[in-house]
Q: 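Mind having a look at this structure? Questions to follow.
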Amino acid sequence: MRRNFEEELTSLHHYFSEMGLLVDEAIGKSVKSFITHDRELAQKVIDQDYKINEAELLLEKKCFELIALQQPVTSDLRRIVTVMKACVDLERMGDHAVSIAKSTIRVKGKERIPQMEEKIDGLSIKVKMLVQLVLEAYLERDDQKARKIAESDDAINTLSKEIFEQSIKEMRKNTNLVIGGTDYLLVAKNLERIGDYVTNICEWIIYLETGKIAELNSKHIN
Amino acid sequence: MSKVTIKELNLFYGKFQALHNINLPILKNEITAFIGPSGCGKSTLIKSLNRMNDLVEGCTISGEVKMDDENIYAKECNINLLRKRVGMVFQQPNPFPMSIYDNIAYGPRTHGIKNKQIVDELVEKSLRKAAIWEEVKDDLKKNALSLSGGQQQRICIARALAVDPEVLLMDEPTSALDPISTAKIEELVIGLKKDYTLVIVTHNMQQASRISDKTAFFLNGKIIEYDETRKIFTNPKKQETEDYISGRFG
């Protein structure tokens, strides 16, 4: 009976990792589409989002089944709860990738600000790296690494704020930039929110390993 | 507040040491669960709390078990009075082969209560406390052995309550019962803790996690871990506890 349960837990782990890769890919493509003004790529991100949603539903269904059938306790229960909570955060990250893709489609052909796009590119590289690191920390069940990753969220918030302020300044100078500039605000906000969800997953990794429910960077959570 | 305090208790069956240096508080008006694999000493310990092990040939005990401030292993301890204060319910329902009424009245009568009105009141009160009054009130003369297993077990609980104990020991009280009877007993046990201190030995991990306030995990005659039940079942400190309650061994 225990062996069967172990196999089920392992498969849960694999499904979660696969979902993580889908989300990572969606974030990468959405930002790339925004920076390179690639509407087709943006449309692909939107069209493929159903895969992330389905992965979340599948994971939740499997978690409910395991709880009902195996009545897990201690670290087994924490493994399942972590997947159940973290897959919701992953799905939301996917939604933010879709929002960035929608901005790409909306902003195409409008007047743009190259130096702002460079900044957004820089921010996206940092966010994407955090997403990859948090997935690694989950796989390695490394709560120390999770704490360090959450600390990096400060830099994301600072960069996002800079983009916000500079975009507004540029829009004030040239009103033709308002439509394109508004999307810079939106994209920066979406990237910042993805960073917040990374922090949430860090909290679940700490719970998984220590049994303690931690609140990291609470001042940044909206 | 501790109702029973076990200090440095060692118990031997002949040369075999069944309990090793047990230190444990049993808190008043709480349910303490003893869990652990077969032969780990949990039933031996529960039987030490009302000196039932005295009946086992070759059994020797050192250390002390204090109920309130009285050492129950002191020479001057009255065993009959102790067993009145510490009631016990066993795995197999074991009503006496007599009527429901006489089963419950048996204890009070042996303690000298002869007045019919008082005995009647005690019978009703005990059956109500054991959540079986409504089911049997119209036929108290019925032989207790003709009841279902779940009802028989509640009769046994009522019988234990009739002598007004302070502590109730339960050794796997639901392992011979169906899920509905089990649920009734569990609900009853939770209700009893406002008036009594309860100790329950169980092999059913979900039962321990559902009803107990504290849990002690036993292995090879030792207490490996004792803590709040919610901590034991969500984040135990010892690997052996984790392995046992999650089904990795035992």
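Chain A is the first sequence line, chain B the second, and so forth, proteins listed ahead of strands; every chain is numbered from 1.
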Q: Within the supplied structure, the quantity of interest is the number of heavy atoms (other residues, nucleotides, ligands) at a distance under 6.0 Å from A:Lys85 NZ; does it exceed 12?
A: no
Q: If you count heavy-atom pairs under 4.5 Å with chain A, which of B:Ile245, B:Thr241, B:Ile232 comes out on top?
A: B:Ile245
Q: Might you confirm whether atom CD of B:Glu228 has over 12 heavy atoms from other residues, nucleotides or ligands at distances under 6.0 Å?
A: yes
Q: Atom CZ of residue position A:Arg147 - does it have more than 12 heavy atoms of other residues, nucleotides or ligands inside 6.0 Å?
A: no
Q: Looking only at heavy atoms, which two atoms of A:Arg78 and B:Asn235 are closest? And how far apart?
A: NH1-OD1, 3.2 Å
Q: Does B:Lys214 NZ have over 12 foreign heavy atoms under 6.0 Å away?
A: yes
Q: Looking at B:Glu242 and A:Thr74, would you say the former's side chain and the latter's main chain have a donor-acceptor pair under 3.5 Å?
A: no
Q: Roughly how far, to the nearest 0.5 Å, is the CD atom of A:Glu6 from the OG atom of B:Ser246?
A: 8.5 Å
